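Note that the structure is predicted; figures quoted are calculated from it, not measured. Just the heavy atoms: all of them, side chains too, but no hydrogens, waters or symmetry mates, feed the values below.
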Amino acid sequence: MQFKLAFVSAALATLAVATPAPRGEPASSCTTGPVQCCDSVQSASSTAVAPILALLGIVLQDLNVQVGLTCSPITVIGASGSSCSAQAVCCEDNSHGGLISIGCAPVTL
């Protein structure tokens with residue numbers, strides 16, 4: 001278990017490179033839960049995401065789905081303190097403790 005955690009942590013640290021965030025729907029259109037701020041958003045089939053999903057035992061039917069890595073909720077949209085220096089997304093499944101979020105689409109804050 002410690003090896004898995006160390007591997008996943010190392011993989012996520014590698015992915016923490018800032019990339020330009022595509023702009024999408026307004027954050028108010030997110031109906032699946034709080035808007036997330038993710039360090040990286042990539043396809044589930046990417047060489048960076050697929051091993052993490054496998055280690056966590058997560059099997060996805062659609063490998064083209066976007067997966068957010070190292071995500072945290074942005075709770076108050078529009079408040080002066082709400083910002084995301086990485087990628088703001090609305091995700092369908094945020095139930096993996098912030099490590100990953102599944103089914104993400106970019107939003108505009």
Side-chain angles (χ1 to χ4, degrees):
M1 182 64 182
Q2 289 177 335
F3 175 73
K4 283 185 181 181
L5 182 58
F7 179 77
V8 170
S9 296
L12 291 177
T14 303
L15 295 172
V17 177
T19 55
R23 297 294 174 209
E25 297 295 319
S28 59
S29 68
C30 185
T31 60
T32 58
V35 173
Q36 301 287 313
C37 183
C38 300
D39 286 347
S40 176
V41 178
Q42 300 183 29
S43 171
S45 62
S46 75
T47 57
V49 175
I52 295 170
L53 292 172
L55 280 173
L56 296 173
I58 299 171
V59 178
L60 300 176
Q61 297 298 320
D62 180 5
L63 294 179
N64 293 320
V65 69
Q66 295 295 298
V67 176
L69 301 170
T70 315
C71 301
S72 58
I74 302 173
T75 53
V76 183
I77 304 300
S80 60
S82 68
S83 66
C84 178
S85 60
Q87 297 183 26
V89 292
C90 179
C91 303
E92 294 174 11
D93 180 359
N94 300 315
S95 65
H96 303 283
L99 182 62
I100 63 170
S101 293
I102 300 171
C104 299
V107 294
T108 303
L109 295 178

Leu60: partners by side-chain contact (heavy atoms from CB on, under 4.5 Å), with sequence neighbours left out
Ala44, Leu53, Ile58, Val65, Val67, Ile102

Taking only residues two or more places apart in sequence or in another chain, which ones pass side-chain contact (heavy atoms from CB on, under 4.5 Å) with Cys38?
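Cys38: side-chain contact (heavy atoms from CB on, under 4.5 Å) contacts with Gln36, Val41, Cys71, Val89.
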
Test item: side-chain donor near acceptor, Asn64 and Ser43, under 3.5 Å:
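Not at all, the side chains of Asn64 and Ser43 share no donor-acceptor pair under 3.5 Å.
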
Any chance the SG atoms on Cys37 and Cys84 come in under 2.5 Å?
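Cysteines Cys37 and Cys84 qualify as a disulfide pair, their SG atoms being under 2.5 Å apart.
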
Interatomic distance, [X] atom [atom1] to [Y] atom [atom2] [nearest 0.5 angstrom]:
X      : Y     : atom1 : atom2 : answer
Ser95  : Leu99 : OG    : CG    : 11.0 Å
Ile100 : Leu69 : CD1   : CG    : 7.5 Å
Glu92  : Thr31 : CD    : OG1   : 9.0 Å
Gln66  : Gln87 : CD    : CD    : 9.0 Å

Taking the side chain as every heavy atom from C-beta outward, state whether Ser101 and Asp93 have any pair of such atoms under 4.5 Å apart.
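With C-beta onward as the side chain, the pair stays apart.
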
